[in-house]
Amino acid sequence: MFVRTGSQNPPLTFQLPRSGVAYFGALGGVAAADLQDKIGEADRLFTDRKWDEAIAAYRAILNRSPVLTALYLQIAAAQRHKKDYDAALGTYKDMLVAEPGNKVAPVEVARLWVDRGDLVRAEESLRPLAQEPTATREIYYTLGEIKAAQQDAAGAAAWFRKAADADPNWAKPLVQLGQAALASGNRAEASRLLSRAIEVDPSAPEAAAARTALATLK
């Protein structure tokens, strides 16, 4: 589920079933404190932009605890910062092998193609996923960004609307739609959408952009 600040989160009921044999589970034999320290150190290397060292640190953790598939995203992000796009693409593929149902990696693959300046490839990589019943708000939003980069305002608006419909309490697509309405001269619709963005998530960075855009209306 998506967890946000500034607005009410829906209630969530979940259960953690006990399974496996003691000390032989997915993280069996791994001390929690040691794991946290290693991830913290890898994150610090990433923050310090020491890309090669961060990649090596994340891979060492993955080799010991392969279930921590989210670390593939960090590795690929470091590779993209290095502009080693082929390596990053390979890392995303590795993640999808380890976690076939992951919905984040395909979005990041599309953004990788945007980084490379190939907007057609970026769109082609996401369009099939957008037709699936399990399509996420991020898939719709990223397609909106791609269409905007292609100077297709109508196409971008259509995808941003789908993202907003998928999560009515998400400020980002509302701001995009509000700014598009403002650019087209529809001041009433722009005011409505931007005000809604502030209302649903007032502490989000996008809310600040909405406030700035609203100020131009006044």
Side-chain angles (χ1 to χ4, degrees), residues 1-5 12 14-130 132 134-143 145-146 149 172 204-205:
M1 65 176 291
F2 295 105
V3 179
R4 61 178 62 83
T5 60
L12 175 68
F14 64 93
Q15 186 176 29
L16 298 177
R18 184 184 298 276
S19 63
V21 181
Y23 308 112
F24 293 98
L27 292 174
V30 178
D34 180 52
L35 183 60
Q36 290 173 341
D37 288 344
K38 290 184 181 301
I39 293 176
E41 177 57 28
D43 287 342
R44 282 189 288 274
L45 290 168
F46 187 97
T47 301
D48 291 341
R49 305 177 70 84
K50 297 179 179 179
W51 308 127
D52 290 327
E53 293 92 331
I55 290 168
Y58 286 127
R59 288 205 181 280
I61 299 168
L62 265 176
N63 289 338
R64 187 176 181 187
S65 305
V67 296
L68 300 178
T69 55
L71 297 183
Y72 283 112
L73 297 175
Q74 289 296 95
I75 293 170
Q79 291 164 332
R80 284 166 63 183
H81 279 295
K82 292 178 59 184
K83 300 191 183 305
D84 191 350
Y85 298 123
D86 290 338
L89 189 60
T91 299
Y92 289 130
K93 290 179 179 178
D94 290 341
M95 181 175 191
L96 289 170
V97 170
E99 189 184 337
N102 185 274
K103 297 297 183 182
V104 178
V107 171
E108 293 303 322
V109 168
R111 289 175 175 160
L112 180 151
W113 288 116
V114 172
D115 291 346
R116 299 181 80 159
D118 193 338
L119 297 176
V120 173
R121 193 76 172 269
E123 183 178 359
E124 288 175 347
S125 71
L126 274 190
R127 266 194 175 275
L129 297 176
E132 296 181 359
T134 56
T136 65
R137 64 178 195 168
E138 292 288 351
I139 290 174
Y140 298 142
Y141 185 87
T142 303
L143 280 166
E145 290 184 309
I146 292 168
K172 284 180 72 173

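Because the structure is a prediction, the values reported are computed rather than measured.
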Worksheet item: Hey, what do you get for CE (Met95) to CG (Leu73), rounding to the nearest 0.5 Å?
Response: 4.0 Å
Discussion item. Could you report the tightest heavy-atom contact between Ala122 and Ala110, atom names first, then the distance?
Written reply: CB-O, 3.3 Å
Worksheet item: Between atom CZ of Arg121 and atom CD1 of Ile146, what is the distance when rounded to the nearest 0.5 Å?
Response: 12.5 Å
Discussion item. Looking at Lys82 and Asp52, is any side-chain nitrogen of the basic one under 4.0 Å from a carboxylate oxygen of the acidic one?
Written reply: yes
Fill in: Ring geometry between Trp51 and Phe46 (parallel below 30°, tilted from 30 to 60°, perpendicular above 60°)
perpendicular
Worksheet item: What are the two closest heavy atoms between Tyr72 and Ala98, and how far apart are they?
Response: CE1-CB, 4.1 Å
Item to complete: Decide whether Tyr92 and Arg80 meet the rule of one side-chain donor and one side-chain acceptor closer than 3.5 Å.
Response: yes
Worksheet, complete the sentence: In short, Ala76 meets Ala88 closest at the heavy-atom pair O-CB, 3.7 Å
Fill in: Arg111 and Glu138 ion-paired at < 4.0 Å
yes
Discussion item. Test your reading of the model: is there a side-chain donor-acceptor pair from Asp48 to the backbone of Lys50, 3.5 Å cut-off?
Written reply: no
Discussion item. For Asn102 and Thr69: C-alpha separation, side-chain torsions, deciding distance, then whether side-chain contact (heavy atoms from CB on, under 4.5 Å) applies.
Written reply: CA-CA 10 Å; Asn102 185 274; Thr69 55; 5.6 Å; no
Practice prompt. Considering non-hydrogen atoms only, spot the tightest contact between Ser125 and Leu129 and give its length.
Written response: O-CD1, 4.2 Å
Discussion item. How long is the straight-line distance from OG1 of Thr91 back to CD of Glu108, given to the nearest 0.5 Å?
Written reply: 12.5 Å
Worksheet item: Do Asn63 and Ile61 pass the side-chain contact (heavy atoms from CB on, under 4.5 Å) test, and can you show the C-alpha distance, the side-chain angles, and the key distance before you say yes or no?
Response: CA-CA 5 Å; Asn63 289 338; Ile61 299 168; over 6 Å; no
Discussion item. Please confirm whether the ring centroid of Tyr85 lies under 6.0 Å from the ring centroid of Trp113.
Written reply: no
Worksheet item: With the threshold set at 4.0 Å, does a side-chain nitrogen-carboxylate oxygen contact exist between Asp94 and Arg59?
Response: no
Fill in: Distance, nearest 0.5 Å, that separates CG of Leu71 from CG of Leu62
4.5 Å
Practice prompt. Apply side-chain contact (heavy atoms from CB on, under 4.5 Å) to Glu123 and Leu119, showing your working.
Written response: CA-CA 6 Å; Glu123 183 178 359; Leu119 297 176; over 6 Å; no
Worksheet item: Considering all heavy atoms of both residues, which atom of Leu126 and which atom of Ile139 are nearest to each other, and what is their separation?
Response: CD1-O, 4.0 Å
Response to the item:
side-chain contact (heavy atoms from CB on, under 4.5 Å) with Glu41: of Ile39, Leu45, Asp43, only one passes, and it is Leu45
Discussion item. A quick test of your reading: do over 12 heavy atoms of other residues, nucleotides or ligands sit less than 6.0 Å from NZ of Lys103?
Written reply: yes
Discussion item. Ignoring hydrogens, what is the shortest heavy-atom contact between Thr142 and Val107? Give both atom names and the distance.
Written reply: OG1-CG1, 3.3 Å
